[in-house]
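Reviewing the structure listed below.
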Amino acid sequence: MALSDPVRFHPSSTDTSSEPITRPPASLRSTGGPRPVPHQEAVHHIERVDFIRVTLVALAAAAVWFHVWEPFPNVSLIGLVAALVGGYPIFKESIENLLERRMTMELSMTIAILAALAIREFFTALVITLFVLVAEILEGLTVGRGRQAIRDLLDYLPQTVTVLRGRQVEEISVAEVKLTDILLIRPGTHIPVDGTVIRGRSFVDESSITGEPMPAGKAAGDGVYAGTINQSGALEIRTEKVGRETSFGKIIDAVEKAERSRAPIQKTADRLAGYLVYFALVAALLTFLITHNLRSTISVIIVAGACGIAAGTPLAVLGAIGRAARHGSIVKGGLYLERLAAADVVLFDKTGTVTYGTLEVVQITPAEGVSRQALMEAAAIAEWQSEHPIGKAIVETASHDALTIAPADHFEYRPGKGVIANLRGEQIVVGNRFLFRELGLMTPDAAEARGASEVLVARAGTFLGRILVADRLRRETKEALQQIKALGVQIVLVTGDSRTVADAINEEIKFTRVYAELLPEQKTEVVKEFKRGRRVVAMVGDGVNDAPALTEADVGIAMGSGTDVARESADIVLIGSDLRRFADTLRIARRCRRIIMQNFIGTLAVDSAGIGLAAVGLLNPLLAAFIHVTSELTFILNSARLLPRSRSDSAASMRTEGARQLLDGAE
């Protein structure tokens, strides 16, 4: 059946990244502000003309059935007119499809209706028309629900915002917000841009972006997303991304593009629908040649239908992409959703993907007779001027301990070894065992580091102790990867870090295979190696060095916190960098494929049985029409199970989940 055009989410056909995705208020439009291109609203009600047409056909069918028109000589004319007027949209679409050389179910329905009229089966013709019209209306409502579920996302953006310019506070349209503007976000209002908090403390509901039910605490220095809700306190935010460049804008952008794109399985569905039309017409011709029974012939044409496939497949893809968006994953097209569903190997980068990508002090071991304070103070003095991530981690820990750190009089960095500093004539050495041996300093016995980097500290020739610094696993990584393994997918670690670090990570996760000490091009070779083994490979990464492998993989997934290069190279982008979102998206993709295959198999089974029964005269045209429409709606509703729930239902569910987690925490 016919589907309406996709809903357009962009404000103009020449949209730029600096323009926000919103509908300007009437006052702005009247003063010459940005004008949105008229877009087609999602279908969520029955159009008046459709209602009138269905009512006319239903009344005419009832009148024929109850012989209301028998006393009148023009009963044939009235039945004919009602069928032609009611079937006009069906006839129109079948003619358009013929001109485009496309075989569709509208053509077979047109043939069936005209054949019924030709043999004066007016009631049959009217009922077939009625069934088809009602089916199209219900299909439109179902698809409209899917599009409306995505359009609801637009309501997460406000129409006006408060901007701070010097000492002035102005209320302006979102369309006028510029980069670096300072916005005042009051409690209970939506955040319109991606930015950084510069003043204030609050909790922000980020469920529309990350899918997390619990509000996230925000303070100065924390990032915020457009489309989220500020809950408890006022925040001042520096604007960093607006419009389509925001995380929220990219979600809408991706859904819009994905809706217009056609996955290979959708093309297969269209081809199958065409083949079924040919098959139905050939079966009808054979039926007529063998039986010479027009009613059986018409029944064969009517009962065969691939509308459930033709409409159900794009609806399932649309629903899956929309649901993935609600879970914090931007899927850039149905093709990538289909590839992800088939993936049997997932490669994970380590730094910034399964770990936070920032080094932390994980263990402090002072030497005998040395206090923790003395050890950290000496290390922080030496590392104060260092730009190395290890040095920054040590200084940050010392700052949290409120230690007094005096700047060193002299600082020397030894690449790959450590630093040497002098403070009031005392030498402070912070580095690895190679540096200590080089300087003739005492080194302690080797101890297990479990994948962490060991930092030794000495002051005035005296060994003070050691500090272990490591890149920690994300708290959700283990749970997410267990969920992925439970789906029968192999998980593989590919990292440029040392074998020791990779093995330490593997002890906690239990990867299928581990590749360590890889250069970027070697990661790409690993992807190719799996593909040569006829595996469908997904790659998850976040850095510039992951971009080649993301591109080479069958489907590339980038972390939202990663580099722009990685995000542009990827086919799916995770907002919020939570790997559980990827596990959710993988499940959604597989469920989408499963539903589409159910529709394929179900349609073939119903059509085969129906054509056989109709050909031998066991199905009359009315029963054939009923079976056709019922099966079509069944498969469409099967696909509709993937559609995201309404926003109110989702919000209620998230509140319930949040309350449950709070209670769990209290216990």
Short N-O contact, Arg532 and Glu529, less than 4.0 angstrom
no
Are the charged groups of Asp181 and Lys178 less than 4.0 angstrom apart, N to O?
no
Is the Phe511 ring parallel, tilted or perpendicular to the Phe348 ring (thresholds 30°, 60°)?
tilted
Does Tyr356 have more than 12 heavy atoms from other residues, nucleotides or ligands lying within 6.0 Å of its OH?
yes
Mark yes or no for whether Lys241, through its side chain, and Gly195, through its backbone, hold a donor-acceptor pair below 3.5 Å.
no
Decide, yes or no, whether a salt bridge links Arg424 with Glu426 under the criterion of side-chain N to carboxylate O below 4.0 Å.
no
Can you tell me if Asp584 uses its side chain to pair, donor with acceptor, with the backbone of Arg587 under 3.5 Å?
no
With distance as the sole test, does Arg238 use its side chain to make a donor-acceptor pair with the main-chain N or O of Thr180 at under 3.5 Å?
no
Those residues that, when tested against Lys478, pass salt bridge (charged side-chain N to carboxylate O under 4.0 Å, His left out) (two or more places apart):
none
Restricting to side-chain contact (heavy atoms from CB on, under 4.5 Å), what partner residues turn up for Ala342, sequence neighbours left out?
Val536, Arg593
Would you check if the side chain of Lys531 reaches a backbone N or O of Glu552 as a donor-acceptor pair within less than 3.5 Å?
yes
Looking at every heavy atom in both Phe463 and Val370, which two are closest together, and how far apart are they?
O-CG2, 4.4 Å
Under the 3.5 angstrom rule, does the side chain of Asp554 hit a backbone N or O of Ala538 as a donor-acceptor pair?
no
